[in-house]
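Below: one structure, written as structure tokens.
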Amino acid sequence: MSERPSTIAAPSLESEAWNAALGVVESVEPSVAAAIRAELRDQRESLKLIASENYASPAVLLAMGNWLSDKYAEGTVGRRMYAGCRNVDTVERLAAEHARALFGADHAYAQPHSGIDANLVAYWAVLASRVESPRLTAMAAAHVDELDDEQWATLRHELGDQRMIGMSLGAGGHLTHGFRRNISGKMFDQRSYGTDPETGLLEYSAVRDLARSFRPLIIVAGYSAYPRLVNFATMREIADEVGAVLLVDMAHFAGLVAGGVLTGDFDPVPHAQIVTSTTHKSLRGPRGGLVLCEAALAEHVDRGCPMVLGGPLPHVMAAKAVALAEARRPEFRDYARSVVDNARALADGLLSRGARLVTGGTDNHLVLLDTTPYGLTGRQAEAALLDAGIVTNRNSIPADPNGPWYTSGVRLGTPALTTRGLGGAEMDEIADMIVAVLRATTPAPASGAGTSKAQYRLEDDVASAVASRARELLAPHPLYPSVTLE
Ligand code: PLP
């Protein structure tokens, strides 16, 4: 790898690389090359506040586009079902070593193709290691392909009876934490814990009560839309009290753990037996997943492929290794700190302009804005903001009166704009722009009676004024400044 941080590499190198690569693509399918070029233009022009997105470095992106993609490599490092995997072994080993060192984990598994896949690997690993009957444990762990039909039916039945608890969707949990629209909701009998209706904060006593009465095998902690910290030491105490495994899904906040912002009780790795993540959100890597675990679970986690995963993606594991190496650099700590400072500045800017935020603020990288005071659904607010050049996503708020489709909130996150170099003053300006748009938006009549939850009217002059402020704000912070496409 280059000695220089990839973000400040010589412009000509990266421009040459991409122009040459796109030229090759263009010679076969020009429309694909055009879509790739257009995507860079779109991303450059948008004020991206989607909490789960980021911009990977040129080194990460370039590590993915190559012939490592051509290899099959089922199995794990040194134990593959295919011959000729020595280079795949190199990149997978590196990705796992960087992950272990970065997060201080006993074991890391770099194969999951996404966060959902990482959770499935983790659930299977826990089931295989922790189902109570020793007979089932042995069956689940080692001899699945040797079982006769009756044994297989027994195994499936008994594993399927296992219990899990996780944060409710309304409080900010994720579908993979045991909800019906994901296979986890079919694998487990699930109950949710929520947040205090007054404060919006996680209620540990309610988690403890639920764990005591429901006796889950797994307690899942972690979230997609909770703007505060979770005390993982307390969650582990609760898990230990009921003999459960603590599984933390840090998909959203892995970058804050990597960057040393979440430490002590708020760092999941020393407290959870197993931790899952994505690599593309605050961690700023390629799209993908990761599982970290204590040594006792390692052999079960390493069975992820082919138990629940398709063949590994060696080119993506190469990019994970690059991204994790970047996250081990001191400048990533500054980045992570700035992500949180920016989220706080955005929250303060919104609050000072009268906005209502779930929990009244933020301690992490995201802010959950309640759109009901503006008379809008989340869907209307999301669409109006997009018209004004601000990209967000609608999100349920606790006890949401509009359900998960229309919602009553928008989720705002700072990882991407922080990568572009925007700071606190710009966050305050963005807060002003968001409030200006929401105040200038009204629900439009539905085609039948009443008002629609989707249609809206945004005053044209506000939309264009905010869009031009967005362009001005972004101009001094070019995205991929080292890349000039022909
Ligand atoms: N876990 C959490 C907490 C998430 O927020 C997400 C995605 O938003 C996932 C898992 C799934 O990640 P992926 O989209 O990579 O499958």
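Indexing begins at 1, ligand by ligand and atom by atom, following the structure's order.
- At under 3.5 Å, not a single nitrogen or oxygen of H177, backbone or side chain, sits near a nitrogen or oxygen of ligand 1.
- A pairwise comparison of heavy atoms in L290 and A118 identifies O-CB, 3.6 Å as the closest pair.
- Listed by atom number, the atoms of ligand 1 under 4.0 Å from H252 heavy atoms are 5 (O).
- Annotation: atom 6 (C) of ligand 1 to nearest protein heavy atom, H174 NE2, 3.2 Å.
- When heavy-atom distances to ligand 1 are checked against a 4.0 Å cut-off, R287 has no atom that comes that close, whether in backbone or side chain.
- Atoms of ligand 1 lying under 4.0 Å from at least one heavy atom of H280, given by number and element, are 15 (O).
- Close approach to Y223 involves these atoms of ligand 1, each under 4.0 Å from a residue heavy atom: 3 (C).
- Using a 4.0 Å heavy-atom cutoff, K281 is listed among the residues neighbouring ligand 1.
- Only the side chain of T278 comes within contact range of ligand 1, with a heavy atom under 4.0 Å; no backbone atom does.
- Closest to atom 1 (N) of ligand 1 among all protein heavy atoms lies D249 OD2, 2.6 Å.
- Proximity of atom 16 (O) of ligand 1 to the protein is indicated by at least one non-hydrogen atom lying closer than 4.0 angstrom.
- V322 has its side chain out of reach of H98: every pair of non-hydrogen atoms, C-beta onward, lies at least 4.5 Å apart.
- Between Y55 and Y480, the two ring planes are perpendicular [angle over 60°; tilted spans 30° to 60°].
- For a threshold of 3.5 Å applied to N or O pairs, the pair formed by G115 and ligand 1 contains at least one separation below that value.
- Residue-to-ligand polar distances keep A251 apart from ligand 1: every N/O pair is separated by 3.5 Å or more.
- Within a 6.0 Å radius of CZ in R333, no more than 12 heavy atoms belonging to other residues, nucleotides or ligands are found.
- At under 3.5 Å, a nitrogen or oxygen of S114, whether backbone or side chain, sits near a nitrogen or oxygen of ligand 1.
- Note on ring orientation: taking the six-membered ring where Trp is involved, the planes of Y123 and F188 are perpendicular (angle over 60°, cut-offs 30° and 60°).
- A 6.0 Å sphere centred on CZ of R208 holds more than 12 heavy atoms belonging to other residues, nucleotides or ligands.
- Under a 3.5 Å cut-off, the side chain of K320 and the backbone N or O of G289 do form a donor-acceptor pair.
- Heavy atoms of other residues, nucleotides or ligands lying less than 6.0 angstrom from OH of Y204 number more than 12.
- Protein heavy atom at the shortest distance from atom 5 (O) of ligand 1 is S224 OG, 2.7 Å.
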- Query: Hey, mind stepping through D240 and R236 against salt bridge (charged side-chain N to carboxylate O under 4.0 Å, His left out) and telling me if it holds?
  - Reply: CA-CA 6 Å; D240 284 349; R236 175 63 186 261; 2.9 Å; yes
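- Here CD of Q273 is found 9.5 Å from CD1 of I219. Values are rounded to the nearest 0.5 Å.
- Of the listed residues (N119, I116, L120, N393), the one carrying the non-hydrogen atom nearest atom 11 (C) of ligand 1 is I116.
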